[in-house]
Amino acid sequence: MKNGIEYCPVNTNIFEDDKFALMECDNDIVGSYVAIRLMLKIYDSEGYFCYWGEDERKLFVKRVGSKLLDLNKLDACMDSIFERGFFSRDAYDKYRILTSRGIQKRFLEAVSRRQVSMIREYLLVPEAPAKYGNVK
């Protein structure tokens, strides 16, 4: 059974969000593009997080394309993404994963009709097991 989800909601005003605007100030449009690609990677893989190590970084750059992104530019984008709070720096530093409280909340809403197992240490929504009866 697939852990991730095939569809995720995106706010229609996502590019008006200050986080996105500031990521674009820091890294041009590449900053927000990287953030969106990573958000979709999270939802597609485990649904509420994805591992983010050296191999994942290299594959991400290869898939995005070297005309747009290299490892140095990716690192600059990631610094901005963490600085702006789009992903949890704490979760990344502790577990080498990308996630956020908002991503986890949207994932929990999306899977409300099926049983899901979540890794307790990665959980940024501590009320999830009590609030959502489908979470193990």
Is any side-chain heavy atom of S45 closer than 4.5 Å to one of N3? no
One should read off an interatomic distance between D26 CG and E83 CD, to the nearest 0.5 angstrom, of 6.0 Å
Smallest heavy-atom separation, C77 atom then G31 atom, equals SG-CA, 3.9 Å
So, D28 side chain and V30 main chain: donor-acceptor pair closer than 3.5 Å or not? no
Which atom of S88 lies closest to which atom of A91, heavy atoms considered: OG-N, 3.0 Å
Salt-bridge test for E56 and K62: reply yes if a basic N is under 4.0 Å from a carboxylate O, no otherwise. no
Return the minimal non-hydrogen interatomic distance between G4 and R114, and the atom names on each side. O-NH2, 3.1 Å
From D44 atom CG to C50 atom SG, the distance as rounded to the nearest 0.5 Å: 10.0 Å
To the nearest 0.5 Å, what is the distance between CD on E121 and CD1 on I97? 10.0 Å
Validation row: D75, R57 side chains within 4.5 angstrom (heavy atoms): yes
Over 12 foreign heavy atoms within 6.0 Å of NZ, K73: yes
Check this for me: does any side-chain nitrogen of one of D18 and R84 sit under 4.0 Å from a carboxylate oxygen of the other? no
Is there a path of hydrophobic side-chain contacts, each under 4.5 Å between heavy atoms of I, L, V, M, F, W or Y residues, that connects Y51 with L40? yes
Worked check of ring pair (Phe, Tyr, Trp, His ring centres under 6.0 Å) between Y122 and Y95: CA-CA 8 Å; Y122 298 175; Y95 306 111; 5.0 Å; yes
Taking the side chain as C-beta and beyond, is there a heavy-atom pair between M78 and L38 under 4.5 Å? yes
In this structure, is the centre-to-centre distance between the rings of W52 and F87 below 6.0 Å? no
Return the minimal non-hydrogen interatomic distance between G85 and K19, and the atom names on each side. O-NZ, 3.7 Å
Within a strict 4.5 Å, meaning less than it, do heavy atoms of the L74 and F60 side chains meet? yes
Please tell me if the side chains of F15 and E24 come closer than 4.5 Å, counting only heavy atoms from C-beta onward. yes
Same cluster or not: are V10 and I29 linked, directly or through other Ile, Leu, Val, Met, Phe, Trp or Tyr residues, by side-chain heavy atoms under 4.5 angstrom apart? no
Closest heavy-atom pair, R101 versus P126, reported as atoms and distance to 0.1 Å, is NH1-CD, 3.6 Å
Given the rule in the side chain to side chain donor-acceptor pair (under 3.5 Å) test, do Y48 and R106 qualify, once you have shown the distances and angles that lead to the verdict? CA-CA 8 Å; Y48 67 102; R106 285 186 290 279; over 6 Å; no
What I'd like to find out is whether the side chain of V34 reaches to under 4.5 Å of the side chain of S32, using heavy atoms alone. no
Sub-3.5 Å donor-acceptor pair from the side chain of Q104 to the main-chain atoms of L124, do we have one? yes
To the nearest 0.5 Å, what is the distance between CZ (F49) and NZ (K41)? 11.0 Å
Is there a donor-acceptor pair under 3.5 Å between the side chain of S112 and the backbone N or O of E109? yes
For the student: nearest non-hydrogen atoms of I103 and M39, plus distance: CD1-CG, 4.2 Å
Side-chain heavy atoms of R63 within contact of V61, under 4.5 Å: no
R96 side chain vs Y92 backbone, donor-acceptor pair below 3.5 Å: yes
Apply ring pair (Phe, Tyr, Trp, His ring centres under 6.0 Å) to the pair F86 and F20, showing each step before the final yes or no. CA-CA 9 Å; F86 192 76; F20 272 83; 5.3 Å; yes
Linked, directly or transitively: L22 and I14 (ILVMFWY side chains, under 4.5 Å): no
